[in-house]
Amino acid sequence: QVQLVESGGGLVQAGGSLRLSCAPSGGASSTRDMGWFRQAPGKERELVGGISWSGYNTWYADSVKGRFTISRDNAKRMVYLQMNSLEPDDTAVYYCATGCTNYATSRCVYWGQGTQVTVSS
C-alpha cells in the first residue's frame with residue numbers, strides 16, 4: 001500500500017506562486033512515477049503533469065507548461081509542484097497520485113486527499 005499526503009495549498013493572488021508537496025510512503029514509493037492532477041468545481045479531474053521515479057523525466061499539460069515545475073527528492077521521499085504565475089483558472093483541488101496506467105484519463109491506483117488552491121483575481 002502507498003499513502004500520499006499533499007500539503008502547501010492556500011489562497012494566493014493572480015501572478016503569485018505556491019509550492020505543493022506530496023509525501024508518499026509505503027510500497028517502494030521512492031521508485032514510482034508520480035503524477036499531479038487537479039479538479040476544479042464542476043469539472044473533471046485533469047492531469048497537471050508527472051515525474052519519473054528517477055526525476056529525470058517530467059511531463060506537463062499544455063495549460064501549465066512554462067509556469068509549473070515538478071521535482072522530487074527521493075532521499076526525503078518528497079515530490080513537489082512549484083506553481084508560478086498563477087491564474088484564477090488554476091483554482092482547484094490538487095492531488096498527487098501514483099500507480100498510474102493512463103495519465104490522460106487520471107487512471108491511477110493511489111491518490112492523496114488533495115489540497116485546495118485558490119487564486120484570486
Backbone of [Y] reached by a side-chain donor or acceptor of [X] within 3.5 Å:
| X | Y | answer |
| --- | --- | --- |
| E6 | S21 | no |
| R19 | G9 | no |
| D33 | W53 | yes |
| T58 | I51 | no |

Residues L4, M34; criterion side-chain contact (heavy atoms from CB on, under 4.5 Å); working and verdict: CA-CA 10 Å; L4 304 170; M34 299 292 294; 3.6 Å; yes

Face-on cation placement of R45 at W111 ring, 6.0 Å and 45° thresholds: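 Judged by the rule (NZ or CZ under 6.0 Å from the ring centre, within 45° of its axis), R45 counts as positioned above W111.
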
Test side-chain hydrogen bond (donor to acceptor under 3.5 Å, both in side chains) applied to N84 and S17, step by step: CA-CA 4 Å; N84 299 328; S17 298; 2.9 Å; yes

For L20, the option from I70, V79, L81 that meets side chain to side chain contact (heavy atoms under 4.5 Å, CB included): L81

Sequence-distant partners of S71, side-chain contact (heavy atoms from CB on, under 4.5 Å), two or more places apart: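 By the side-chain contact (heavy atoms from CB on, under 4.5 Å) rule, S71 matches Y80.
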
side-chain contact (heavy atoms from CB on, under 4.5 Å) partners for N102, two or more places apart: A104, T105, R107

Are [X] and [Y] side-chain neighbours, meaning at least one heavy-atom pair lies under 4.5 Å?
| X | Y | answer |
| --- | --- | --- |
| L18 | V117 | yes |
| Y110 | Q3 | no |
| T69 | Y60 | yes |
| V93 | F37 | no |
| V12 | T118 | no |
| C22 | Y94 | no |

Working to the nearest 0.5 angstrom, can you tell me the gap between [X] [atom1] and [Y] [atom2]?
| X | Y | atom1 | atom2 | answer |
| --- | --- | --- | --- | --- |
| Q1 | S25 | CD | OG | 10.5 Å |
| Q13 | S121 | CD | OG | 9.5 Å |
| R32 | C108 | CZ | SG | 11.0 Å |

Y103-W59 aromatic ring centre distance below 6.0 Å: yes

Atom of R77, atom of P24 and distance for their closest heavy-atom approach: O-CD, 3.2 Å

Single-linkage hydrophobic cluster, 4.5 Å side-chain cutoff, F68 and M78 together: no

Connected via hydrophobic side-chain network under 4.5 Å: W36 and Y95: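 Per the 4.5 Å side-chain linkage, W36 and Y95 are not co-clustered.
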
Residue pairs, two or more places apart or on separate chains, that pass salt bridge (charged side-chain N to carboxylate O under 4.0 Å, His left out) and touch residues 88-99: R38-D90, R67-D90

